[in-house]
Amino acid sequence: MIKILMPIAFLSVGLGAGIGVGIYMAPSEAPALEEAETKPEMAKDKSHKSGKEGKADEFDYLKMTKQFVVPIVEDDKIAAMVTMSLSLEANPAVTDTFYAIEPKLRDRFLQVLFDHANTGGFDGLFTQSDNLGALRKALLEVARKDLGDDVSQVLIMSVNRQDT
């Protein structure tokens, strides 16, 4: 009889202790009230710090869902691979359009990246600001063909070259 009651007793004690610890460790409601009170103040602080009221809401950052992989070909062989992550700074109104045409935009961006690679854009000091500036400008022209002037910038989030 004790062999049957012992597991039940341990189960009951463990369950009771677990519930007790859960209640004891549960967060109180006071921090939630503090957050609600400080959020409007933080929003006001940000608008004053920037000096440009309303500017923060004028654009979104639209991230391309996948990295771009560009082969660097030398003497008919792949000498290196460049990977890039890109985002667009654009008007929030074009967000849905952007994701709807992203495959088409990726294709056009890849063509620009391939052309840049074929002209030696990823050779030597490829991260030099003039070199990346020319690439950003070419990518921006392509983005504006599909999304119009609602795109203000193409942002290069990461770039990496791996020699083979």
Side-chain angles (χ1 to χ4, degrees), residues 25-164:
M25 298 295 286
S28 66
E29 292 184 26
L33 294 174
E34 289 175 13
E35 286 180 24
E37 291 173 2
T38 58
K39 284 184 182 179
E41 293 172 9
M42 291 171 49
K44 290 177 188 174
D45 289 345
K46 288 181 183 177
S47 66
H48 292 297
K49 286 180 186 175
S50 67
K52 300 177 183 177
E53 292 184 16
K55 285 283 186 187
D57 295 330
E58 291 184 13
F59 56 84
D60 273 347
Y61 295 104
L62 307 173
K63 184 178 180 189
M64 303 296 286
T65 55
K66 297 178 186 174
Q67 285 186 334
F68 291 88
V69 179
V70 182
I72 308 299
V73 180
E74 293 176 1
D75 300 324
D76 295 330
K77 293 182 181 179
I78 295 177
M81 298 293 280
V82 173
T83 57
M84 296 186 79
S85 295
L86 301 175
S87 291
L88 300 180
E89 182 181 85
N91 184 328
V94 299
T95 301
D96 292 336
T97 305
F98 167 76
Y99 288 111
I101 66 165
E102 185 181 6
K104 181 179 177 181
L105 197 57
R106 283 187 65 80
D107 177 64
R108 292 186 181 192
F109 278 5
L110 271 173
Q111 188 58 58
V112 170
L113 292 169
F114 291 156
D115 292 344
H116 189 73
N118 291 335
T119 59
F122 292 117
D123 295 338
L125 297 174
F126 68 95
T127 58
Q128 191 173 15
S129 62
D130 293 341
N131 198 8
L132 289 180
L135 179 59
R136 280 190 190 97
K137 183 178 177 183
L139 291 168
L140 181 60
E141 288 175 11
V142 168
R144 285 187 171 167
K145 284 182 184 176
D146 288 329
L147 297 171
D149 290 335
D150 287 324
V151 178
S152 59
Q153 290 188 64
V154 174
L155 306 170
I156 299 174
M157 304 308 292
S158 67
V159 60
N160 181 37
R161 177 184 164 130
Q162 180 67 45
D163 294 328
T164 55

- Task: List the steps and the verdict of side chain to side chain contact (heavy atoms under 4.5 Å, CB included) for M157 and K63.
- Result: CA-CA 9 Å; M157 304 308 292; K63 184 178 180 189; 5.8 Å; no
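- Checked against salt bridge (Lys or Arg N to Asp or Glu O under 4.0 Å), K104 has the following partners two or more places apart in sequence or in another chain: D146.
- Going from atom CG of L86 over to atom OG1 of T65 covers 11.0 Å, rounded to the nearest 0.5 Å.
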Side-chain donor-acceptor pairs under 3.5 Å in residues 134-144, sequence neighbours left out?
unit_1	atom_1	unit_2	atom_2	d
R144	NE	V151	O	2.9
R144	NH2	V151	O	3.1

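- Residue K66 holds its NZ atom at 15.0 Å from OG1 of T83, rounded to the nearest 0.5 Å.
- Heavy atoms from other residues, nucleotides or ligands lying under 6.0 Å from CD of Q162 number 12 at most.
- To the nearest 0.5 angstrom, D163 atom CG is 12.5 Å from I78 atom CD1.
- Residues H116 and T119 approach most closely at O-OG1, 3.0 Å, considering heavy atoms.
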- Residues D60, F98; criterion side chain to side chain contact (heavy atoms under 4.5 Å, CB included); working and verdict: CA-CA 11 Å; D60 273 347; F98 167 76; over 6 Å; no
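- The shortest heavy-atom contact between A117 and P71 is CB-O, 4.2 Å.
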Just distance, no hydrogens or angles: give the donor-acceptor pairs under 3.5 Å from side chains in residues 87-95, sequence neighbours left out.
unit_1	atom_1	unit_2	atom_2	d
E89	OE1	S152	OG	2.7
E89	OE1	Q153	NE2	3.2
E89	OE2	Y61	OH	3.2
N91	OD1	A93	N	2.9
T95	OG1	P92	O	3.0

- Where do N131 and L125 land on the side chain to side chain contact (heavy atoms under 4.5 Å, CB included) test, with the steps shown first? CA-CA 8 Å; N131 198 8; L125 297 174; over 6 Å; no
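- L105 CG to M64 CE: the interatomic distance, rounded to the nearest 0.5 Å, is 4.5 Å.
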- May I have the step-by-step check of side-chain hydrogen bond (donor to acceptor under 3.5 Å, both in side chains) for D115 and Q111, ending in yes or no? CA-CA 6 Å; D115 292 344; Q111 188 58 58; 3.1 Å; yes
- Message: Pair F122, M84 - check side chain to side chain contact (heavy atoms under 4.5 Å, CB included), show working.
- Response: CA-CA 11 Å; F122 292 117; M84 296 186 79; 3.9 Å; yes
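- Annotation: side chain of N160 is not in contact with side chain of Q67 (no heavy-atom distance under 4.5 Å).
- Annotation for T127 and L132: closest pair O-CD1, 3.6 Å, computed over non-hydrogen atoms.
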